[in-house]
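Here the structure comes first, spelled out in structure tokens, and everything after it is commentary.
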Amino acid sequence: MSFTPSSLLVTGGAGFIGSNFIHSFIANNPECRITNLDCLTYAGNLENLTALEGNAQYSFVKGDIGDAALVARLLAEQRIDAVVHFAAESHVDRSITGPEIFVRTNVLGTQILLEESRKQWQSGSVADFRFLQISTDEVYGSLGDTGYFTEGTPLAANSPYSASKAGADLLVRAYHETFGMPTLNTRCSNNYGPYHFPEKLIPLLIHNIIGKKPLPVYGDGLNVRDWLHVCDHAVAIETVLKKAIPGSVYNIGGNNEWKNIDIVNLVCDLLDGRLGRVAGENRSLITFVKDRPGHDRRYAIDAAKLTSDLGWKPCYTFEQGIAETIDWYLANQKWVSEVTSGAYRDYYQNQYCGGAV
Ligand code: NAD
Ligand code: TYD
């Protein structure tokens, strides 16, 4: 099975993973056009894509995935033959303080996108079609000390964010089962890398360490996440889009589990040297705070199906990836101050749901 898209609609391409995917896909596919549909919430930033200004392969449209007429027009005008759907509200803490927008964007928005995509696929105006839903391991819920999520693990979402992603995943499945639409679904573990909004753990640590601000560690700090470099995720998505059989689900992960407190200590130590501080100085910023409600204890992905079926495996070691990521943030302080100030400042400050830090 092989599929060669000629015109991609990427939703949410001004966000963290979407923008990294666009850079990677354009470099690997000089024949394919990309239309990036993004309404630019606090998490969307066109600065992530300035390198593509003037590139004839790429165009940006500011708009909402919930705008059916706009989506229909783009699908028809651009002769879209594949939708890669990143657009979402993506932060668990925000979903606890304000779940409604998560349902509106992640569930209803996905349904509108699916419906317009179904019409495009059924119109026969393109030879073949794919709809790829980008999802998360969080739809599977929480693991104990052992075991892994496989594609067969039942969905058991615990936060409004993951519940809204699980709802969207089930709609994607339903469009395949009910209409025969050629859908695909990937579920990835925690990503890290450039252009990550500094409300998520790793960029928040880097940002706060530079500013000598407290480093909030939720609960006992022993929750476990499986970290994957965003560029490895981008390549995995391209692989699934081109090679997977319609209707399939693929887990994506780095086989790289870390307790939160160990990540915090590592980032502190790597930045001591780079910032000319004495060894251990940054660790003094660590502040244990009240736990996130419903905090999933452990995520761990079994990505064996993706490796055995389609031949994907990650390229980055964590050692290389985390060092490069820290250096990227140090070299891109202008980007960080832009996304955490001005119109973004309120969003940035109002993130933590567990109480004052
Ligand atoms: P992000 O929050 O950085 O970016 C989301 C983007 O979607 C932003 O550019 C935003 O402006 C846009 N957007 C939001 N609502 C929209 C709407 N209604 N219409 C159009 N655009 C809209 O998110 P991210 O971390 O890049 O995650 C992208 C996708 O990957 C999400 O679907 C998320 O669930 C999934 N995912 C993320 C991770 C992770 O570690 N960050 C891991 C696995 C899966
Ligand atoms: P996060 O980056 O929000 O990703 P997710 O909740 O989707 O896994 O958080 C990663 C882990 O780090 C999670 O267990 C919550 C924890 N965390 C903190 O301890 N402190 C923080 O300031 C943040 C943002 C997260």
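Hydrogens, waters and symmetry mates play no part in the numbers below; they use all other heavy atoms, side chains included. Bear in mind the structure is a predicted one, so any value in this text is a computation, not a measurement. Numbers here simply count residues along the sequence, with the first being 1.
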Hey, does the side chain of Thr146 reach the backbone of Gly144 with a donor-acceptor pair shorter than 3.5 angstrom? no
Which heavy atom of Thr340 sits nearest a heavy atom of Pro198, and at what distance? CG2-CG, 3.5 Å
What orientation do Tyr192 and Phe318 show, parallel under 30°, tilted 30 to 60°, or perpendicular over 60°? perpendicular
Is there any ring pair (Phe, Tyr, Trp, His ring centres under 6.0 Å) pair reaching into residues 276-315, and which pairs are they, with sequence neighbours excluded? none
Kindly indicate whether the side chain of Asp269, heavy atoms from C-beta on, has any atom under 4.5 Å from the side chain of Asn282. no
Between Asp93 and Arg292, does at least one N-O distance fall below 4.0 Å, as a salt bridge requires? yes
Between Phe16 and Lys200, is there a cation-pi geometry (under 6.0 Å to ring centre, at most 45° from the normal)? no
Could you check whether any side-chain heavy atom of Ile34 comes within less than 4.5 Å of a side-chain heavy atom of Ile26, counting everything from C-beta outward? yes
Check ion pair Lys212-Glu281 (N to O, under 4.0 angstrom): yes
Lys165 (side chain) donor-acceptor with Pro160 (main chain) under 3.5 angstrom: no
Parallel, tilted or perpendicular, judged at 30° and 60°: which one describes the rings of Tyr42 and Phe197? perpendicular
Is there a donor-acceptor pair under 3.5 Å between the side chain of Ser19 and the backbone N or O of Gly15? yes
When Ile80 is tested against each of Val71, Leu9, Leu8 for side chain to side chain contact (heavy atoms under 4.5 Å, CB included), which residue passes? Leu9
For Trp258 and Asn256, test the side chains for any donor-to-acceptor distance below 3.5 angstrom and give the result as yes or no. yes
Flag, side chain of Glu138 to backbone of Ala157, donor-acceptor distance under 3.5 Å: no
Please check this pair: side chain of Asn251 against backbone of Phe149, looking for a donor-acceptor N/O pair closer than 3.5 Å. yes
Option passing side chain to side chain donor-acceptor pair (under 3.5 Å) with Ser6 (candidates Asp81, Asp128, Asn29): Asp81
Worked check of side chain to side chain contact (heavy atoms under 4.5 Å, CB included) between Glu257 and Arg225: CA-CA 6 Å; Glu257 289 180 50; Arg225 298 292 183 262; over 6 Å; no
Is the shortest side-chain N to carboxylate O distance from Arg187 to Glu151 below 4.0 Å? no
Just jot down the side chain to side chain donor-acceptor pair (under 3.5 Å) partners of Asp220, sequence neighbours excluded, or say none. Arg297
Rounded to the nearest 0.5 Å, the CD1 atom of Ile301 sits from the CG atom of Asn190 at a distance of 10.0 Å
Does atom CZ (Arg79) have a neighbourhood of more than 12 heavy atoms from anything else shown, all under 6.0 Å? no
Any Leu132 side-chain heavy atom under 4.5 Å of His85 side chain: no
